[in-house]
J.: 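Let me give you the structure first, and then I'll get to my questions.
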Protein chains: 2
Amino acid sequence: MPRTTIADVARVSGFSQATVSRVLMGQAKHIREDTRQRILDTVEALGYHPSNAARSLKSKRSCTLGVVGYGLEYYGPSCTLSGIEQEASRTGYTILLHLIRQPETNDVAQLLQEMSSRYVDGIIWAVPEIANNRAWLKEKSFKPSVPVVFLTMETQPDQVIVAVDNYGGALLVTRHLITQGCQNIGLITGPMDWWEARERKRGWRDALESVGMSASESWVVEGNWSTSSGEEGLAILLSQHPELDGLFACNDRMALGALKTARERSLRVPEDLAVVGFDDMPDTTYYCPSLSTVRQDMIELGRLAVRELGRAIEEHQSDQPLAPKTVLLQPELLVRESSRLKRP
Amino acid sequence: MPRTTIADVARVSGFSQATVSRVLMGQAKHIREDTRQRILDTVEALGYHPSNAARSLKSKRSCTLGVVGYGLEYYGPSCTLSGIEQEASRTGYTILLHLIRQPETNDVAQLLQEMSSRYVDGIIWAVPEIANNRAWLKEKSFKPSVPVVFLTMETQPDQVIVAVDNYGGALLVTRHLITQGCQNIGLITGPMDWWEARERKRGWRDALESVGMSASESWVVEGNWSTSSGEEGLAILLSQHPELDGLFACNDRMALGALKTARERSLRVPEDLAVVGFDDMPDTTYYCPSLSTVRQDMIELGRLAVRELGRAIEEHQSDQPLAPKTVLLQPELLVRESSRLKRP
DNA sequence: TCGGTTTCTGAAATCGGTTTCAGTATAGCA
DNA sequence: TGCTATACTGAAACCGATTTCAGAAACCGA
């Protein structure tokens, strides 16, 4: 059974395809009201809905956003995607999803091609910036035909970027630990080839140095975001600095690992060692003790990205050049048992 | 700058559009090898890649799968989506993603319409079965034009369904608790309008009754999957049955909440109370104590769904009727500290 | 050499919309 | 009443592919 087409609507309603199309396109300048009604009624009666393929073929628009994602098994990226979809569907876009398994895809060209062959109106690049997996950005061959918004990447002079202020978050954490009276504050970072990890480390260092405290490398252990690396990280720090009394673990999972090490060594948290994480994963209030952390609104991050992309698409369609921009989302410190030493 | 079309390739290579198309479609029956090469070279040289819109317009296929998802902020659904995308892209499909905010959408018709207007080749319905949010399945108006695979739903005589064997998993848990010597085994369920929750409860009851133990309602508290409902759930159970010595919390989050209540009441886990969860969320080994649970391979679940859908699509395209089928994925019990009473 | 296959290729129709351009009806005005 | 401006509407071209149908070339046995 063939689908109902605009031609059917035209025939049944007694008007031409052109008129039907004009009614459906909304911006109907010269359509008499009763004509409009008759056509809408016919559309309703026939249960007609237009073919997107035909529509984008002619109009070169598809009301589709391409999303390139990574690490969906983790909490942050899932929330971001959820936010992206939310805002996209609110504004009439549908999501074409492509996940990559390794952050350093070299098939960027092919990916962009695939997306452009489907006439996506814009692309959101939601892959963390790791090592030089953005090398292709500098290549002259990188000229996507549609606007691209990057998530979570270092400011670039000619790109649209939306990210959480990791540096600011780390400042909050470290200053908080200082305020609580910690004298010797260690750091378990993420992998240093991650931009986010470097930002958080920078925040830790700057906060310490700005009050004249030491931020030397012997107080730093590089983890890999995993719980076990947090567990081992704290062990290493303690062996180097038994006097450690404050710890900033750069994500909640590593903080959870550190809590385990502390428990095994009978270190009281927060009395002997105050611990703060980063991310505000679900249920961190139920850890023992409940975990202080930094909340980043990843859903809002996704929404923001779509909003920026929408703006860029409109500009693109009116042939304006892409206006580069970096939007930083401010995170929020959540103080819980694991770092509360003073009464407020 | 207009995109390069098949006409360009034809002109440059000196052959006709038809020939170029045949070469690109692969199943080129009657093409001389040197012709094929010349055309492929031209394609390469021009950087041509076909327009999906035009292609699907004519062929009524899009190499796109529609995915309707829910609750992406949670671990299970994210993994499933990841698995779906993995298998889809491996087999040449792209994902059109649509998330819904409430499981009981009544816009099913509109959703299907939207998907069909984009010529998806098949649909994966990855929304949990809650209350009667499948009522539309029985309506005569539900006749999608493409195959649909449902995730996580009760067996239906005329649908393709892929799900985890929740009943079997619950059997594993409860038998394990019995084997460990627990005499009084309580249950914190998920919301009873969830199919998965009912299945897990059924497993608990059957396991107990099959060995002649009591499975009355006074040993059951209905939670809502949240950590706090697990926390309160255990408190209620203990007030009714201080002799409680075994607990099956129907997901890991509620188990985590229960661990907190146990801690606050100085109940030793597992000595005084053995606890088992369900889901195998990340880092449950780091809870105190580490949590016994049931692992369900949600990534594989997603992959399976795509494979089944692929099969259904092929059958659909050769005009065969949809062969109903239910695939159950077997979960696996993971015994950790929270329920280990005997030495193995 | 000739008729009949078989192999290869191209012209043109088609998919289902949007948009241009031109034509007709109506209104407005002198 | 006549003439122009404006409001509607329709015929047809177009988007970029696939596919049918038929024609040309090459090959074959008689």
Side-chain angles (χ1 to χ4, degrees), chain A residues 1-40 42-43 46-64 113-114 116-119 121 145 317, chain B residues 1-40 42-43 46-64 113-114 116-119 121 145 317:
Chain A
M1 185 194 61
R3 64 184 296 149
T4 44
T5 77
I6 201 173
D8 299 326
V9 178
R11 194 165 24 73
V12 173
S13 67
F15 291 95
S16 73
Q17 287 193 27
T19 306
V20 176
S21 175
R22 279 197 274 264
V23 168
L24 291 175
M25 294 294 287
Q27 32 79 300
K29 267 303 159 229
H30 305 297
I31 301 288
R32 239 171 37 213
E33 184 51 29
D34 57 340
T35 306
R36 218 177 72 83
Q37 254 328 311
R38 274 244 301 290
I39 289 184
L40 286 181
T42 319
V43 165
L46 296 187
Y48 164 78
H49 54 114
S51 148
N52 240 284
R55 181 172 278 180
S56 18
L57 179 57
K58 179 66 181 164
S59 66
K60 270 91 162 55
R61 294 203 51 189
S62 64
C63 292
T64 299
Q113 204 169 76
E114 158 78 16
S116 110
S117 104
R118 292 180 189 254
Y119 291 106
D121 298 333
S145 49
Q317 272 160 5
Chain B
M1 186 193 60
R3 65 185 292 149
T4 44
T5 77
I6 199 173
D8 300 326
V9 178
R11 193 167 25 72
V12 173
S13 69
F15 292 93
S16 75
Q17 288 192 28
T19 306
V20 175
S21 176
R22 284 198 196 94
V23 168
L24 292 175
M25 293 297 284
Q27 32 79 301
K29 268 300 158 230
H30 305 298
I31 300 289
R32 241 173 33 213
E33 183 51 30
D34 56 341
T35 307
R36 218 177 73 82
Q37 255 329 312
R38 274 244 300 291
I39 289 184
L40 286 181
T42 319
V43 165
L46 296 187
Y48 164 78
H49 55 116
S51 148
N52 242 285
R55 181 172 278 182
S56 22
L57 178 56
K58 180 66 179 155
S59 65
K60 270 94 163 57
R61 294 203 51 190
S62 64
C63 290
T64 298
Q113 206 170 73
E114 159 78 16
S116 109
S117 104
R118 291 180 191 254
Y119 290 106
D121 298 332
S145 48
Q317 272 159 6

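Computed from a predicted model, the values in this text were never measured in an experiment. Labels below follow one simple rule: chain letters A, B, ... track the order of the sequence lines, proteins then strands, and each chain is numbered from 1.
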J.: Taking any strand in view, what nucleotide pairs with D/dA30 in a Watson-Crick or G-U wobble way, both distances under 3.5 Å?
T.: C/dT1

J.: Could you check whether B/T35 gets within reach of a base, just the sugar-phosphate, or nothing at all, counting any heavy atom under 4.0 Å?
T.: sugar-phosphate

J.: Within the pair B/S16 and C/dG10, is there a side-chain N or O less than 4.0 Å away from OP1 or OP2?
T.: yes

J.: Less than 4.5 Å apart, side chain to side chain, heavy atoms only: is that true for B/S21 and B/L24?
T.: no

J.: A/N52 CG to C/dG17 P: how many Å, rounded?
T.: 10 Å

J.: What is the distance, to the nearest angstrom, from the CZ atom on B/R22 to the P atom on D/dT19?
T.: 10 Å

J.: Quickly work out the B/L24 CG to D/dT18 P distance and round it to whole Å.
T.: 7 Å

J.: Return whichever of B/R32 or B/A53 has its heavy-atom-nearest nucleotide of DNA chain D closer to the 5' end.
T.: B/A53

J.: Rounded to whole Å, how long is the line connecting atom CZ of A/F15 with atom C1' of C/dT24?
T.: 15 Å

J.: Pick base, sugar-phosphate or nothing for B/S21, based on heavy-atom distances below 4.0 Å to the nucleic acid.
T.: base

J.: If you pin B/A18 and A/T19 to their nearest nucleotides in DNA chain D, which one's is more 5'?
T.: A/T19

J.: Starting the side chain at C-beta, find the nucleotide from D/dA17, C/dC15, D/dG10 nearest to B/R55.
T.: D/dA17

J.: Name the closest nucleotide to the B/K58 side chain, picking from D/dG16, D/dC14, C/dG10.
T.: D/dG16

J.: To the nearest angstrom, how far is A/Y119 atom OH from D/dC15 atom C1'?
T.: 7 Å

J.: Closest nucleotide of DNA chain C for B/Q17 versus for A/Q17: which of these residues is on the 5' side?
T.: B/Q17

J.: Got A/R55 and A/R61 here, is their nearest side-chain heavy-atom distance under 4.5 Å?
T.: no

J.: If you measure from CD on A/Q113 to CZ on A/R118, what distance do you get to the nearest 0.5 Å?
T.: 12.5 Å

J.: Taking OP1 and OP2 of C/dT18, is either one under 4.0 Å from a side-chain nitrogen or oxygen of A/K60?
T.: no

J.: Taking salt bridge (Lys or Arg N to Asp or Glu O under 4.0 Å) as the criterion, tell me which of A/R32, A/R36, A/R38 meets it with A/D34.
T.: A/R32

J.: Identify which nucleotide among C/dG10, D/dG16, D/dA17 has an atom closest to any side-chain atom of B/Y48, counting heavy atoms from C-beta outward.
T.: D/dA17

J.: Please report, rounded to the nearest Å, how far the P atom of D/dT9 is from the CZ atom of A/R11.
T.: 19 Å

J.: Rounded off to whole Å, could you give me the CD-to-P distance for the B/Q37 and C/dC8 pair?
T.: 15 Å

J.: Let me know the distance between CD1 of B/I6 and C1' of C/dA11, rounded to the nearest Å.
T.: 14 Å

J.: Any side-chain donor-acceptor pair under 3.5 Å between A/T64 and A/Y119?
T.: no

